[in-house]
Amino acid sequence: MIEPATAEIPTAAQTVLELQTQGDALTEIQNNDLLYSSFWANIALAGVAILLFVYMGRDVEDSRAKLIWVATLLVPLVSISSYIGLASGLTVGFLEMPSGHALAGEGQILSPWGRYLTWTFSTPAILAALGLLAGTDFTKLFTAITMDIAMCITGLAAALTNSSVLYRWLFYGVSCAFFLAVVYVLLFEWPDDARAAGTDEIFGTLKNLTVVLWFGYPVLWALGSEGLAILSVGATSWGYSGLDILAKYVFAFLLLRWVANNESVVASNQAVIGGGSSADD
Ligand code: RET
């Protein structure tokens, strides 16, 4: 006779029962000042950035300039949602780390996995704004954005895998490979497009800011609680929040200020994406 599958389940069920609720997550987050302040600093900044960016874009009229503006505005909009998810405990879970991980056997480790999920929406918006600024073509924009989404999803997988430490790092490696594809487009494809579009100066500044800061994320993952655990959960979270502040708000502010002051340059761009008339498209 076939044994009912449930015979094996008690252990699994126990593990499931042990999983903490959102309320437990919220209590743990609130008890960790470093972590909680890192979330709230970003919620506050995202709120201010949304208002400021709406104001800065109030007179933009050209269709492509508006598209850049909307893509840029999406960055703090996604961010505020993302950080409310983290601060409330909705997108934070607890993970038992596998053997071989520095935090193995230390019980349930807090994992703010919502970060990686919401990067899937915010980073494509950043790349869309940059690609449009450079006046790139659809193929290159599609390449950068799809590689970027794959980077975020495999990064999420790396953070959530707890069957084996090796598989965590394998996902990390795959995510880094996708990241390098994004960096390639940023460093070797878009600068030429931006030169042709007459936006190379601001594009150069934003590209450098982006590439340097974005490299900080995988380094932080490797050193932080998800990776080698040299940094605490709170310190890792502040690291990401600090990088986010520069990579999102400073980036978006510089970009929007330039677009608002140089709308005609963006409008005269002959690139196929984001043009105002059907002849352009
Ligand atoms: C992870 C870990 C796996 C390897 C790599 C990563 C890269 C993440 C990056 C994130 C950028 C986020 C930004 C967010 C703004 O909202 C997922 C940390 C390569 C580059 C700019």
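Indexing begins at 1, ligand by ligand and atom by atom, following the structure's order.
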Who's the nearest protein heavy-atom neighbour of atom 5 (C) of ligand 1, and how far? Ser175 OG, 3.4 Å

Taking only heavy atoms of Phe179 into account, list the atoms of ligand 1 that are under 4.0 Å away from them. 19 (C), 20 (C)

Taking the side chain as every heavy atom from C-beta outward, state whether Arg257 and Met56 have any pair of such atoms under 4.5 Å apart. yes

Heavy-atom contacts with Gly155 under 4.0 Å: which atoms of ligand 1 show up? List them by number with element. 17 (C)

Could you check whether Trp119 and Tyr217 have their ring centres less than 6.0 Å apart? yes

Would a single hydrophobic cluster contain both Val233 and Leu86, if residues Ile, Leu, Val, Met, Phe, Trp and Tyr are joined by side-chain heavy-atom contacts under 4.5 Å? yes

So, do Val92 and Ser111 sit near enough that their side-chain heavy atoms are less than 4.5 Å apart? no

Please check: side-chain N/O of Tyr172 versus main-chain N/O of Pro218, any donor-acceptor pairing under 3.5 Å? yes

Please work out whether the ring planes of Phe179 and Trp214 are parallel, tilted or perpendicular, with thresholds of 30° and 60°. parallel

Among protein heavy atoms, which sits nearest to atom 13 (C) of ligand 1, and what does the distance come to when rounded to 0.1 Å? Thr123 CG2, 3.4 Å

For ligand 1, the portion of Trp214 having any non-hydrogen atom under 4.0 Å away: both

Ligand-residue contact atoms, ligand 1 with Ser122, heavy atoms, under 4.0 Å: 15 (C), 16 (O)

Evaluate the side-chain proximity of Ser241 to Tyr83: yes if any heavy-atom separation is below 4.5 Å, no if none is. yes

shortest atom 7 (C) of ligand 1-to-protein heavy-atom contact is with Pro218 CD, 3.8 Å

How does Tyr217 reach ligand 1, if at all, at less than 4.0 Å between non-hydrogen atoms: by side chain, backbone, both, or neither? both

Under 3.5 Å between any N/O of Trp119 and any N/O of ligand 1: does that happen in this structure? no

